[in-house]
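What follows is a short report on a single structure.
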Amino acid sequence: MPDAKGDNFAEQLPKHYIPADVEPRWLEAWLKEGSFRSEPNRAKKPYSIVIPPPNVTGILHMGHALNNTLQDILVRHARMRGFETLWMPGTDHAGIATQNVVERALAEEGLHRDTLGREEFVKRVWQWREKYGSTIVTQLKRLGCSCDWRRERFTMDEGLSRAVREVFVRLYNDGLVYRGRRLINWCVRCHTALSDDEIEHEEKQSSLWHVRYPVKGSKKILTVATTRPETMLGDTAVAVHPDDKRYADLVGAVVILPVMNRELPVIADAMVDPAFGSGVVKITPAHDPNDFEAGLRHDLEQITVIGPDGTMTEAAGKYAGLDRFRARKKLVEELDELGLLAKVEEHKNSVGQCYRCGQIVEPFLSEQWFVSMRPLADKAIQASKDGKIKFVPGRWERVYLSWLENVRDWCISRQIWWGHRIPVWHCGACGEMTVAVEDPTVCSKCGSDDIAQDPDVLDTWFSSALWPFSTFGWPEETPELDYYYPTSVLVTARDIIYFWVARMVMMGLHFMRDIPFPEVCINGTILDEFGARMSKSRENGIDPLVMIQGGKQRRFGKEFAYEAYGADAVRYTLCTLTTDGQDIKLSPTRFEMGRNFINKMWNASRFVLMRLSGVDQGTGPLALEDLDFADRWILSGLGKAIGEAGRQLSGYRFHEYAKTLYEFAWGDVCDWYLELVKPRFGGDSAAVPARVLTWVLDNLLRLLHPVTPFFSEEVWRLLAAVAPSRGLGVPEPAAPLLVRAPWPEADPSWADAKVEADMEQAMGVIRAIRNIRAKFNLSPKARLAVTVSAAEAGIRDALLPLVDMIKAQAGAESLDLGIDLGKPAQSAAEVMTGLQVYLPLAGLMDVDLERKRIEKEFDRKRDTLVRLNEKLRNHEFTSKAPPEVVRREEERKAELARQMGELEALRDSLAN
RNA sequence: GGGCGAUUAGCUCAGUUGGUUGGAGCGCUUGCCUUACAAGCAAGAGGCCGCCGGUUCGAGUCCAGCAUCGCCCACCA
């Protein structure tokens, strides 16, 4: 660790902040000190967050960076506020995603899971996880995430697996888990069932084929419209609307299914929309959800013509063995040749695709396990309606509710190998199912030992749904579960409101009899600089690690090199961009903003450290009278900033929090206070400004810590070397580590509206002088004689004690302050609220330029005055607007008139 | 088909409960290597707040409609 000793150590500090020299060091130190550890502690209030567990296959992307930065800000803030704070980390086994990744890796070695066998394959996945599964965890640490890493969990851990089994068995016993032969979504590539939520719908241009079905024993033809002709091979009926007069006589008749020459009954069912197509629908119970239902109503046969691998089955006759899309093409050709293709229309329809591999999914009839959602969902709806769960922004509550209100039963069985095996054993002897938490050895009914465990595994989201309590040891009644549940808030992205948030609420309410979190903070989605989602195929992603550590990155077909902005800069930038859950258009250059801010803070800190070394700050309390005007002003600002920062964080207004710090730190402290304090470090007057400066920096670091933990911790350490004890009262030793230091509190006595107003006035004068300097291109070194003419005594008196300060900041040799002082000859002027500033420019002034400037100013004010006069003459306004508004406008009018008078006089004086 | 979000400076975005003269960062212009910082300092230019109505003494802000873009949902044979 770089030395922080010796009087001039601060001068040795680099002029640019170098995150790479700082961040890894603190990472290690915090972990070594156990700074993020948490234990149940009855003496303190708990604050807990469970991390949205990233997939073990995952590598950190910008969405993670944003989501986890926000969580870390909340967690660090809570920790500093004195809560017993736990951020619970972990990863998700991500069944299908991980299986796919490992299958691809095996394919590179020429291996396939089927040749390895289930046991060996699962072993390989575990090995893969051992090797690569901690990648994202390391990356989260690098980002600065202050999780209690000792407690890291994995959804396939022993404990969590136990929770999964327990939940399954209890739900089964409650009648909320059941098995059934249903039409589910089937991915022909992943070879598994999927839940409705795992399907992504995409609108595609397709065709609507009209096919002629001859009526048996008649010359009549029924024309049927379909978007999926290949499924007609599995038709078991055609249907018309019961009230459709066109076909009333045909109900009960029989049609001949083309190609297959199967006889199909014509049935009447209200599901048919007579206005669509010909008003006749083919019924394919095994390949369409509507038809499936209709098939049940009419007791129709279910013929599966498309198999699990996406090829046609034996039931498809001569099309057996053909890929489903080839079969479609050939079948359409055959129908055309037979003269049975009435017409083909353009048609848009949405096609369901697997969210993991993108393959078009098939409705597929099979035996699956389901969770009965209605009773669980109703509780989750009630929790929200009772206000027990609040969404931020609130609009997401409706999204959550509409899903719950329309939710259908959840297909939870997956025909893959990586995941929680369903705890059900089928008896070969009697067919009974034994559902048990512990592996049984014999059938629960007949006692036979000829039992085999169900081959299916559970949907990944089944175990994720238990995350807020399974991670704390449920079903055991652990101290953690008791202490940290419910958690304090959930921070996540909107695309998993259904998958995850709603299901956690359902499971939490059912098994813990309490909500898992009272608030759900939904952060925006990170998009590229053109507003597109980041994806590998678009090559538009921005790697957070590259932004943090620097390096090369391919984007849009080109390779770019980036400097190391540092984790703090990435965090700060993301924080400022987070406004009310809006999506974020991001480009790599945005991180310069965070880098610049931290660099500015670094240099301000260097300045303070350099000034402080060797200064005796004293040991007694400072009285307000001891303080300079500038000290009073910055303390007043500090108090406001502390209040603001805390309020904004409590309301999840991350952007406002960052902005508050930016304005106070860069605007007030750097641009003004540091400049004001400089002259006071010359002689022996340094004790007071040193104390205040130390205190301001101390507080600022604490305010910054949640968002820029590394930088602030580093400066905290450096500050301790020159000012181990701090405070405006009797100085007290600072906390050894900032990460555990208390969140600042504002002393109400700091607030001083008069000081702030006077400072505002003085700043105006300083800016006016600088403005004139710039306008007339005066050398920065030119020492000027300034005249400030106040309109009234109050203004003069307020400025009187600040004359030296104004002179110093504006670079004035002299400053003549008085009431209604005339304009010195050949001077430029600035007319401001309550006063004029004059600057003599003998020989330097361009009279025409100055006249134009004055006239422009005058015209602008006149226009305003005209509008203001109209407003004030309007009786509606003066009678209806609140009196203080009217009064304010009256005052404004008077001031405007005064300023116009001054401008007029100025213009006239120019003529002379 | 239903719902949600967005539309404000050249770009990316803030804008609290309606109330003086609508802000920031980047970019741009001018001048500065001023002993914390050129990743900086100082000064400045740049806005019919998407369009059209309405409510109101007063609308970027509230209401209705329209347009454009984006997202989500939906059993759209």
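Each chain gets a letter, A, B and so on, in the order the sequences are listed, and its residues count up from 1. Small disclaimer: the values here were computed from a predicted structure and weren't measured.
Between A/Phe597 and A/Tyr572, the two ring planes are parallel [angle under 30°; tilted spans 30° to 60°].
Only the P atoms considered, B/U16 is 34 Å distant from B/G1, to the nearest whole Å. Rounded to whole Å, the C1' atom of B/A43 lies 39 Å from the corresponding atom of B/C62. Between B/U20 and B/G58, the distance separating the two P atoms is 15 Å to the nearest Å. Across B/U61 and B/G44, the matching C1' atoms stand 29 Å from one another, rounded to whole Å. On the P atoms, B/G19 is 9 Å away from B/G60, given to the nearest whole Å. Rounded to whole Å, the P atom of B/U7 lies 9 Å from the corresponding atom of B/G15. Using C1' as the reference atom, B/C51 and B/G31 are 43 Å apart when rounded to the nearest Å. Between B/C13 and B/C4, the distance separating the two P atoms is 22 Å to the nearest Å.
Closest contact between the side chain of A/Arg892 and the listed nucleotides B/A77, B/U21, B/A14 involves B/U21. The side chain of A/Asn290 lies closest to B/C75, out of B/U20, B/C75, B/C71. The side chain of A/Thr227 sits closest to B/A77 out of B/A77, B/C71, B/U20. For A/Ala881, the listed nucleotide lying nearest its side chain is B/G19; candidates were B/G3, B/G19, B/A77.
Between the CG atom of A/Asp495 and the P atom of B/G70 there is a distance of 19 Å, given to the nearest Å. Atoms OH (A/Tyr400) and C1' (B/C4) sit 18 Å apart, rounded to a whole Å. Distance OH (A/Tyr662) to P (B/A24): 10 Å, rounded to an integer number of Å. Residue A/Arg297 contributes atom CZ, which lies 15 Å from atom P of B/C75 at whole-angstrom precision. Between the CD atom of A/Glu890 and the P atom of B/C57 there is a distance of 19 Å, rounded to whole Å. Remark: P of B/U20 and CG of A/Leu896 are 15 Å apart, rounded to the nearest angstrom. B/C71 atom P lies 17 Å from atom CD1 of A/Ile584, rounded to whole Å. Atom C1' of nucleotide B/C73 and atom CD1 of A/Ile497 are separated by 12 Å, given to the nearest angstrom.
Shown here, B/A38 forms no base pair; nothing in the strands shown gives a Watson-Crick or G-U wobble contact with both key distances under 3.5 Å. Nucleotide B/C4 forms a pair with B/G70, judged by Watson-Crick or G-U wobble geometry with both contacts under 3.5 Å. Across the strands present, B/C75 finds no partner; the criterion is a Watson-Crick or G-U wobble pair with both atom distances under 3.5 angstrom. With a 3.5 Å ceiling on both atom-pair distances, the Watson-Crick or G-U wobble partner of B/G65 is B/C51. Nucleotide B/A24: paired with B/U12 (Watson-Crick or G-U wobble, both distances less than 3.5 Å).
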Enumerate the protein-to-nucleotides 8-11 of chain B contacts in which both atoms are nitrogen or oxygen and the separation is below 3.5 Å.
none

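Within 6.0 Å of atom NZ in A/Lys640, 12 or fewer heavy atoms from other residues, nucleotides or ligands are found, so the atom counts as exposed in its surroundings.
A salt bridge is defined here as a Lys NZ or Arg NE, NH1 or NH2 lying under 4.0 Å from an Asp or Glu carboxylate O, and A/Glu895 with A/Arg898 meets this definition. Using a 4.0 Å cut-off between charged nitrogen and carboxylate oxygen, A/Arg860 and A/Asp863 do not count as a salt-bridge pair.
Nearest-nucleotide mapping onto RNA chain B: of A/Thr226 and A/Glu656, the residue sitting toward the 5' end is A/Glu656. Comparing A/Asp580 and A/Met593 by the nucleotide of RNA chain B whose heavy atom lies nearest to each, the residue mapping closer to the 5' end is A/Asp580.
For the pair A/Thr579 and B/A14, the criterion of a side-chain N or O lying under 4.0 Å from OP1 or OP2 is met.
Ring centers of A/Tyr17 and A/Trp602: under 6.0 Å apart, within the cut-off.
Below the 3.5 angstrom threshold, one finds a donor paired with an acceptor across the side chain of A/Ser350 and the base of B/C76.
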Next on the checklist: Does the protein touch nucleotides 30-43 of chain B at the base, only the backbone, or not at all? Give it as B, S and - per nucleotide, heavy atoms under 4.0 Å.
Outcome noted: -S----BB-BSSSS
